[in-house]
Number of protein chains: 2
Amino acid sequence: MEASVKILNCKGIEGLSMRTIAKELNIKAASLYWHFSGKLDLYGAIAEYLCLRYEMPAESDDPKDYLISSYKAYRAMLLSTRDSVSVLENSIPNTPRRMEIIRAMSKAFLKMGVKQETLTTVSNLFNNYVLSFVADECRFKNTTPDKIHELEQMLCPEDRLFLSIPSNFDEQFLYGLQVLFAGLEALRSREQNRTEQ
Amino acid sequence: MEASVKILNCKGIEGLSMRTIAKELNIKAASLYWHFSGKLDLYGAIAEYLCLRYEMPAESDDPKDYLISSYKAYRAMLLSTRDSVSVLENSIPNTPRRMEIIRAMSKAFLKMGVKQETLTTVSNLFNNYVLSFVADECRFKNTTPDKIHELEQMLCPEDRLFLSIPSNFDEQFLYGLQVLFAGLEALRSREQNRTEQ
DNA sequence: ACCTGAACACCGTTCAAGT
DNA sequence: ACCTGAACACCGTTCAAGT
């Protein structure tokens, strides 16, 4: 796991292969198949290892506050290792730590009034938001100014507006989260009004 | 492009290589490099080709209605070709048709009252929602009942609830969209209240 | 203008064989 | 229990050479 994270940070997911991991450990690629059934299995283990770095926030009475600090910590974890989003996306979250995180978040959503039927949808909605936000964030941050200039040159002035790159990612991340929570609350109160009638 | 889509539908993105595309066209892989600078360039062209299938809804006075039918059509387009999400995710949307779609949607968001500074964030938020929803949807649909049963066996009854698979994807897709729109509207009216004071 | 053969430097995975 | 050599069937990409 440590070797894999080291490779990720040095060369990214493109550089993470059975052979490069083995090399880092001074063994041969074939040996890894004694420990893992294949690459997906290895990805699952790396994802689990990364999620151990995730600092679970202290329990809170307000589920919304709890979730906001959870997702902030989740993003911080994702930003701390290069291409971690790709690793998480390509593995099934059925390992202990990842289940623990899903459990804690799901309970908070239920506490917020999310219905059982929509729990998976809501949980995925938020999880996918963070993953894709960070993926975009990293894509933007890794685009050199020359490349950005080159891309802008190809667009008409009007379109430049629609593909502009945000500079304050922390703020924009929070904005997106607030949209999601505001939406959840709005739909819940609409639901309540309907049943009261 | 037709050959690529054919391969995608038959063997998925794993089966889409320079060699398999070339074989389908009765040429050699090296020849493709006369037409495209590399695999990413080719992905961009396939993505553009897929987006030509996207049926842009008729203009509407209500930007929300317009956007909802846009995203429904977007999802339909994504569902019609296997692994299309991966192709779109791994290419830059700077081609004519894709820019046209982004332009139309961005204008509708502005009409809805989305501020210039958050336009990229909002546009990405919705786009990423659809992409990741469809990606999850396909993952679920392609998991055989045996596999699902196997996964469920590994979880305690409580956790099974948190990883349950929705059955009515159309409904759940619309629910997520409604959360996003309700959130956007709620934040806008909060903003208005603040400036009125 | 468009295609090819051959090569380079990689992949993931398997499996008999070793200690 | 853990590792290896060797092989299999693939990749993306380059480039001199062909028509």
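Please read these numbers as outputs of a predicted model, since none were measured by experiment. Convention: sequence-line order gives letters A, B, ...; per-chain numbering from 1.
Taking the centre of each ring, A:Phe126 and A:Phe181 come in below the 6.0 Å mark. Aromatic rings from A:Phe109 and A:Tyr66 are positioned such that their centres are separated by 6.0 Å or more.
When each of B:Ala29 and A:Ser17 is assigned the nucleotide of DNA chain C bearing its nearest heavy atom, the one mapping closer to the 5' terminus is B:Ala29. Each of B:Met18 and A:Ala30 lies near DNA chain D, and the nucleotide nearest A:Ala30 is the one positioned closer to the 5' end. When each of A:Glu14 and A:Ser37 is assigned the nucleotide of DNA chain C with its nearest heavy atom, A:Glu14 is the one assigned upstream, toward the 5' end.
When the C1' atom of D:dT14 is taken as reference, atom CH2 of B:Trp34 falls 17 Å away, rounded to whole Å. In this structure, the CZ atom of A:Phe36 is 15 Å from the P atom of C:dT14, given to the nearest Å. Rounded to whole Å, atom C1' of D:dC3 lies 16 Å from atom CZ of A:Arg19. Distance NZ (A:Lys28) to P (C:dT14): 20 Å, rounded to an integer number of Å. Atom CD1 of B:Ile21 is separated from atom C1' of C:dC3 by 17 Å (rounded to the nearest Å). The interatomic distance linking B:Lys23 (NZ) with C:dT4 (P) rounds to 14 Å, in whole Å. Following rounding to the nearest Å, A:Leu42 (CG) and C:dT13 (C1') show an atom-to-atom distance of 13 Å. For A:Leu32 and C:dG12, the CG to C1' distance is 11 Å, given to the nearest whole Å.
For B:Lys64, the NZ atom is densely surrounded, since the number of other residues' heavy atoms within 6.0 Å is greater than 12. Within a 6.0 Å sphere centred on NZ of B:Lys147, other residues, nucleotides and ligands contribute 12 heavy atoms or fewer.
Regarding contacts with the backbone of C:dC3, a side-chain N or O of B:His35 is found under 4.0 angstrom from either OP1 or OP2. Regarding contacts with the backbone of C:dC2, every side-chain N or O of B:Ser31 stays at 4.0 angstrom or more from both OP1 and OP2.
Side-chain atoms of B:Pro93 and B:Ile102, non-hydrogen and from C-beta on, do get closer than 4.5 Å to each other.
Paired runs in DNA chain C that reach 3 or more consecutive Watson-Crick or G-U pairs, where each pair keeps both distances under 3.5 Å, cover C:4-8 with D:12-16, C:12-16 with D:4-8.
C:dC2 and D:dA17: their C1' atoms are spaced 13 Å apart (whole Å). The P atoms of C:dA9 and D:dC10 are separated by 22 Å, rounded to the nearest whole Å.
One finds no salt bridge joining B:Glu100 and B:Arg103 here, because no Lys/Arg side-chain nitrogen approaches an Asp/Glu carboxylate oxygen to under 4.0 Å.
Taking the ring axis of A:Phe133 as reference, the NZ or CZ atom of A:Arg75 does not stay both within 45° of it and closer than 6.0 Å to the ring centre.
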